[in-house]
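Take a look at the structure below.
In listed order, ligands and their atoms are each counted from 1.
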Amino acid sequence: MHAKVEPQPGPARILRPEEIPAVQPEVLEPAEREALRARIKRLLEEQDAVLVAHYYTDPELQRLADETGGHVSDSLDMARFGHEHPASTLVVCGVRFMGETAKILNPEKRVLMPDLGAECSLDLACPAEAFAAFCDRHPDRTVVVYANTSAAVKARADWMVTSGSALDVVRHLKARGERILWAPDRHLGRWVREQTGADMLLWDGACVVHESFQAEALARLRAEHPQAKVLVHPESPAEVVAQADYVGSTSGIIEAARRMDAEVFIVATEPGIFHKMREAAPGKTFIEAPTGGRGATCTSCERCPWMAMNGLRRLAQVLETGANEVHVDPAVAERALVPIRRLLDFARARRQEIYGNNDA
Ligand code: 13P
Ligand code: SF4
């Protein structure tokens, strides 16, 4: 039976406000945007490069990825696509752990990012040395880390998971009788623990974007839109998740918007996702779930400041100069490949189980 006593949380490094950059989305005049788009398309061809973008990036980048044979997706599928695509250069538009994962899986390929300073608060809140010490104190537990971690943290893990795969992997480990040490997101970890009943010891990290969703304001918004369905990413606090009609990964949220029998949705995740939601479910209405906001008058303006560092100007520049190449220490990469491969193999086997082939 699941232990009644709450496991003690692991240590965390709380980000200081000055470590969270201001959100500075790129602003372009139409003429400059068109010129950049043309330049990037030419450079992608010349350099045998392909764009792999996350749903939270600027819609301009997502459009360009789609138009040039690249891919826009969640973190698991970005890794899979980059690995299977024949291009010799992967340009990862997202945050650093996504670039690192691409490099670890494809050491022979050149991996570029528009901005190497695009971090992730979960990654920053889980320094490798403190994490290793935490693992050392619990040698009997299987170490499961979220994709949103550094290569060095993955190098210490048995499994990597993403929000789209965490439930399946943890159920699988629980069925084998394994007890889990989980890092770094406490909200996702708590949700997975509730859903699976697994014995999980949690690191105490959080995403600064999802943690800012406000449960009371959400309840008021729901009262104003009683027909709306609520879609929530599991990095959000428990009181927000409790109000959801659907909880899942970014891909899961887009699919829920398409599939669910509703016209209006309140969405608790980074609003960059609205571009693909509108494509998947045209005509439906999407409302941002309320956040604390950065200013007194702002009730729903939370963007991931690191995702916003990806823009067309920087993308053109790195393709032109070869700057911002992602490098991972080969010894760390070799060890970090183990939990990443384990997840990709597990996800492929699950797809085969469900759909009977690899293409689904
Ligand atoms: P997904 O794997 O669901 O795309 O999530 C990545 C992420 O960073 C969410 O904040
Ligand atoms: Fe990291 Fe949160 Fe940004 Fe996702 S939204 S990349 S978890 S900081």
Side-chain angles (χ1 to χ4, degrees), residues 12-15 17 19-23 25 52-58 62 71-82 92-102 113 115 117-126 145-150 153 160-169 183-189 191-192 203 205-213 231-237 240-241 244 246-257 267-277 288-289 291 301-310 340 343-344 347:
R13 180 175 157 271
I14 306 296
L15 290 194
E19 288 179 280
I20 305 171
V23 180
V52 192
H54 190 266
Y55 293 126
Y56 293 165
T57 55
D58 190 315
Q62 299 189 38
H71 197 52
V72 183
S73 200
D74 63 19
S75 46
L76 173 62
D77 202 41
M78 285 172 74
R80 181 200 59 76
F81 178 86
V92 176
C93 300
V95 294
R96 197 179 56 195
F97 77 83
M98 296 169 177
E100 282 187 353
T101 302
M113 294 188 72
D115 194 324
E119 307 271 3
C120 164
S121 57
L122 286 169
D123 179 350
L124 291 172
C126 189
V145 299
Y146 195 28
N148 303 36
T149 46
S150 65
V153 164
M160 178 185 95
V161 295
T162 59
S163 55
S165 57
L167 288 180
D168 272 351
V169 169
D185 189 64
R186 63 168 177 262
H187 297 302
L188 178 61
W191 178 70
V192 172
W203 184 268
C207 158
V208 293
V209 177
H210 290 86
E211 197 167 45
S212 70
F213 289 115
L231 311 177
V232 175
H233 195 283
E235 288 171 15
S236 308
V240 172
V241 169
Y246 173 83
V247 184
S249 69
T250 48
S251 295
I253 286 175
I254 293 168
E255 177 54 18
V267 185
T269 195
E270 216 275 1
I273 200 171
F274 284 23
H275 171 66
K276 280 287 168 193
M277 294 182 84
E288 292 180 35
T291 66
C301 56
E302 209 54 79
R303 299 290 318 259
C304 175
W306 297 287
M307 287 283 182
M309 289 175 179
N310 294 274
I340 299 174
L343 171 63
L344 289 182

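- From the protein, the heavy atom lying nearest to atom 2 (Fe) of ligand 2 is C207 SG, 2.3 Å.
- Taking a cut-off of under 4.0 Å to the non-hydrogen atoms of S249, the atoms of ligand 1 that pass are 3 (O).
- Ligand 2 does not have E270 within reach: every non-hydrogen atom of the residue lies 4.0 Å or more from it.
- Judged by the shortest distance from any of its heavy atoms, V208 lies outside the 4.0 Å radius around the atoms of ligand 2.
- Of the heavy atoms in L76, none comes closer than 4.0 Å to ligand 1.
- Of the protein's non-hydrogen atoms, C304 SG, 2.5 Å is the one closest to atom 3 (Fe) of ligand 2.
- Considering both main-chain and side-chain atoms, T162 never comes within under 3.5 Å of ligand 1 through any nitrogen or oxygen pair.
- With a 4.5 Å cut-off on side-chain heavy atoms, E235 and E270 do not count as touching.
- Contact record, A79 with T101: CB-CG2, 4.1 Å, taken as the closest heavy-atom pair.
- Under 4.0 Å from ligand 1, the heavy atoms of Y56 that appear belong solely to its side chain.
- Using a cut-off of 2.8 Å, one finds that C120 contributes an N/O/S atom close to atom 1 (Fe) of ligand 2.
- Atoms of ligand 1 lying under 4.0 Å from at least one heavy atom of H210, given by number and element, are 10 (O).
- The ligand atoms of ligand 2 that sit less than 4.0 angstrom from a heavy atom of W306 are 8 (S).
- Ligand-side atoms of ligand 1 in range of N148: 7 (C), 8 (O), range being under 4.0 angstrom from any heavy atom.
- Among protein heavy atoms, the minimum distance from atom 9 (C) of ligand 1 is reached at E235 OE2, 3.1 Å.
- H54 NE2, 3.7 Å is the protein heavy atom nearest to atom 6 (C) of ligand 1.
- Counting heavy atoms from C-beta on, the side chains of S73 and F81 never come closer than 4.5 Å.
- Applying the 4.0 Å criterion to heavy atoms of Y56 picks out, from ligand 2, the atoms 4 (Fe), 5 (S).
- For atom 2 (Fe) of ligand 2, the set of nearby N, O or S atoms under 2.8 Å includes none belonging to H210.
- For E270, no heavy-atom contact with ligand 1 is shorter than 4.0 Å.
- Residue-to-ligand polar distances keep D74 apart from ligand 1: every N/O pair is separated by 3.5 Å or more.
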